[in-house]
Each structure stands twice: as structure tokens, then as C-alpha cells.
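This report refers to the structure that appears directly beneath it.
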Amino acid sequence: MAEPRGGTLAAYRALLGAQARSQTAYRTSFAVDLLGNVGATVFDVLTVLVLYGVTRELGGFTLRETLVMVGLTAVAFATADLLVGNVERLPRYVRTGLLDAVLLRPLGALPQLLLMDLPLRKVSRALFGLAVWVTALVTAGIDWTPARVALAVVAPLAAVVFFGAVFVATATVSFFWVESGELANSVTYGGRDFTSYPVTVFDGWFRAAFAYGLGFAFVSYQPALALLGRADPLGLPAWAGWAAPGVALLALAGAAAAWRVGVRHYRSTGS
């Protein structure tokens, strides 16, 4: 059994290596792409700074407190987008029949799709997001304890898993409805924007649906409360700030189940 497994890992490494070589073949172009891709994350941070240029608090939170949420979202979403984000090309693969070829190979369909066009140029976004996260932690005046140090490490990892699960789960809709791209983007990129601000900024059914129905409150808002030592203005208990890993695992399980159902439902382009 060990040999097939080793052969599978070698195949995945070969796919990744081919992608790395093809994308870095023209070094100047690749360097320009790296710099250009930082722009989206920079813009997200600048938007928050502009808002605080006209107000001292947003939803009851100061700029330094909000930057903890912004930094956590920035590093997590950029990393998930780098590793998993190209699964949102699935509608095109279904429409053109490329998915048929993927399913015929003796490798997992999802890993193949992720490695077929891994956007290495997005590494710069993840690195910039990490810089924002570290800067936010240093300037927020956090009363550090061993538990909070652990949370500062675990929370971004849990958020990467959560966002990755959202990318996969929303992409699986295309197995049933090919023209589902805008719906998927409203959840993935809408979720990114939602988690960049305190949940208290939003209200009504929208907050209930995104924050707690879909679990986005546990990506950055609740961990930020736990790091800052603040009680939740909305009344959730203090332990909710430490629930991010559990919520991420639930999201991962849901995405895996949705993917399996979608692949079993797929009947190829010809049908």
C-alpha cells in the first residue's frame, strides 16, 4: 500500500512543480504580478483607515481594535485564496468538460483542481496580510497570556480552514447550477468584507445570517474579542472567542460532505 501512496504524492509534487516552473519562467513578469496582487489587500486596509479618519469608533470599537479583525481576515483570506481559491474556476471546468478528464485520472479530483493553476503570485497578499496581523497585535495593547499567544497562532489557521471550506462549498453549487459564480462570490468575498469589520456594525437578518447562520462571526470578531479581553456587546459568552477552531472544523466537514455529494451528482458535460 505504501508504493501507491508514495506515487500519488509524487504526482501531486510533479503538478505543483510544473505550476511553479511555468509561473516563474518569466521572472520580471512574475515579480510584477507579485507586486500587483498586493493591491487588493492594501485597499481593504486603506478603506478601514479612511473610515476611521472621520470617526473615532466604529460599532463601538477603536481603530486599533478593528485592525486586529482586519489583520486576521487579511492573512487568513489571502492564504485560503492562494491555496484553495482557484476552485472557483470549477464552473468553467464543468462547462468545458475539463472536469471529465480530471475525474478519469487516478488522483483525487479536488487536489488536482487546486494544483492545476495554483496562483503563486498571490503569495504577496498572504505575506502582506501577515504583516498587518502582526502589526495589529503589537499595537493593540493586548494583555498577553500563554492562552492568548496560542490563540494568536491558532485563530489565523482556523480562519484559513474556514475560508477554504467556504471556497469549496460554494464552488460545489456549480455541479447543480453552472451559472452560480456570482452567488459563490457573494458568500466568499462578501464574507471577507463582513469579517473585516466588527459584527456590531451590521444589524437585523443580515448580521444573523452571516455572523451566526454561516459562522463568519467566529473568523475574526470573536477571536479578536478574546485577544482584546473585551466582552461581546451582543451578549455571547466569553468562551465563544475560543470557538474558532471548532467552527472551522465544522465548516470543513460540511464542505467535504458537499463536495462528495456534488461529485456523485456530476454526470459529465456530454449528459
Side-chain angles (χ1 to χ4, degrees), residues 33-53 58-59 61-88 118-142 148-167 170 184-202 210-211 214-228 230 241 244-245 247-248 251:
D33 280 345
L34 283 175
L35 292 175
N37 267 273
V38 179
T41 306
V42 171
F43 182 77
D44 291 339
V45 177
L46 288 177
T47 300
V48 174
L49 295 177
V50 169
L51 287 174
Y52 275 97
L58 194 65
F61 289 83
T62 65
L63 173 60
R64 291 194 304 175
E65 293 171 332
T66 300
L67 282 178
V68 175
M69 304 174 202
V70 173
L72 180 47
T73 295
V75 65
F77 187 88
T79 303
D81 191 22
L82 166 66
L83 298 176
V84 188
N86 64 323
V87 76
E88 63 188 2
L118 191 67
L120 297 178
R121 62 189 179 278
K122 293 183 180 180
V123 168
S124 56
R125 289 190 193 180
L127 292 176
F128 179 78
L130 179 60
V132 176
W133 172 235
V134 173
T135 302
L137 292 177
V138 171
T139 60
I142 296 172
R148 285 180 178 147
V149 171
L151 182 61
V153 175
V154 171
L157 298 177
V160 170
V161 172
F162 184 92
F163 277 125
V166 171
F167 271 113
T170 54
N185 289 342
S186 68
V187 179
T188 53
Y189 295 96
R192 177 200 62 186
D193 295 339
F194 183 90
T195 56
S196 296
Y197 299 92
V199 169
T200 49
V201 170
F202 308 98
F210 259 80
L214 296 177
F216 282 102
F218 299 93
V219 172
S220 62
Y221 174 71
Q222 289 294 341
L225 291 178
L227 288 169
L228 296 167
R230 285 197 53 167
V247 173

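All values below come from the heavy atoms of this structure, side chains included, with hydrogens, waters and symmetry mates left out.
Between Leu72 and Ser220, the shortest heavy-atom contact is CD2-CA, 3.5 Å. The two residues Ala251 and Ala165 come nearest to each other via the heavy atoms O-CB, 3.4 Å. Closest non-hydrogen pair, Arg148 versus Ala226, comes out as NE-O, 3.0 Å. Between Leu227 and Ile142, the closest heavy-atom pair is O-CG2, 3.1 Å. In plain terms, the two heavy atoms of Pro156 and Val75 that are nearest each other are CB-CG1, 4.2 Å.
In this structure Ser196 satisfies the side chain to side chain donor-acceptor pair (under 3.5 Å) test with no other residue, sequence neighbours excluded. By the side chain to side chain contact (heavy atoms under 4.5 Å, CB included) test, Val154 pairs with Pro245, sequence neighbours left out. Residues satisfying the ring pair (Phe, Tyr, Trp, His ring centres under 6.0 Å) criterion with Tyr52, sequence neighbours excluded, are absent altogether. Partners of Leu127 according to the side chain to side chain contact (heavy atoms under 4.5 Å, CB included) rule, which considers only residues two or more places apart in sequence or in another chain, are Val123. Listed by chain and number, the residues in a side chain to side chain contact (heavy atoms under 4.5 Å, CB included) with Ala76 are Ala159, Val160, Phe163 (sequence neighbours excluded). Evaluation of the side chain to side chain donor-acceptor pair (under 3.5 Å) rule for Arg230 yields Glu65 as partners, not counting sequence neighbours. Residues satisfying the ring pair (Phe, Tyr, Trp, His ring centres under 6.0 Å) test with Phe202, not counting sequence neighbours, are Phe194, Phe206. Applying the side chain to side chain contact (heavy atoms under 4.5 Å, CB included) criterion to Val70, with sequence neighbours excluded, gives Val45, Val48, Thr66, Leu67. Taking the side chain to side chain donor-acceptor pair (under 3.5 Å) definition, one finds that Thr79 meets it with nothing, sequence neighbours left out.
Contact check for Phe216 versus Phe162: side-chain heavy atoms found under the 4.5 Å cut-off. Side-chain contact between Asn185 and Glu88: present, with at least one pair of heavy atoms (C-beta onward) separated by less than 4.5 Å.
Atom CG of residue Leu49 and atom CG of residue Leu63 lie 6.0 Å apart, to the nearest 0.5 angstrom. Here CG of Asp193 is found 9.5 Å from OG1 of Thr188. Values are rounded to the nearest 0.5 Å. Here the CG-CG distance, from Leu137 to Leu228, works out to 9.0 Å after rounding to the nearest 0.5 Å. Taking CG of Leu82 as the reference point, atom CZ of Phe77 lies at 11.5 Å (rounded to 0.5 Å).
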Checklist entry - Where do Phe61 and Tyr197 land on the ring-ring contact (aromatic ring centres under 6.0 Å, His included) test, with the steps shown first? => result CA-CA 9 Å; Phe61 289 83; Tyr197 299 92; over 10 Å; no
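For residues 71-85, the pairs satisfying salt bridge (Lys or Arg N to Asp or Glu O under 4.0 Å) are Asp81-Lys122, Asp81-Arg125, with sequence neighbours left out. Screening residues 129-140 for side-chain hydrogen bond (donor to acceptor under 3.5 Å, both in side chains) gives no qualifying pairs among residues at least two apart or on separate chains.
Of the candidates Thr200, Thr195, Thr73, Val68, Thr200 is the only one forming a side-chain contact (heavy atoms from CB on, under 4.5 Å) with Tyr221.
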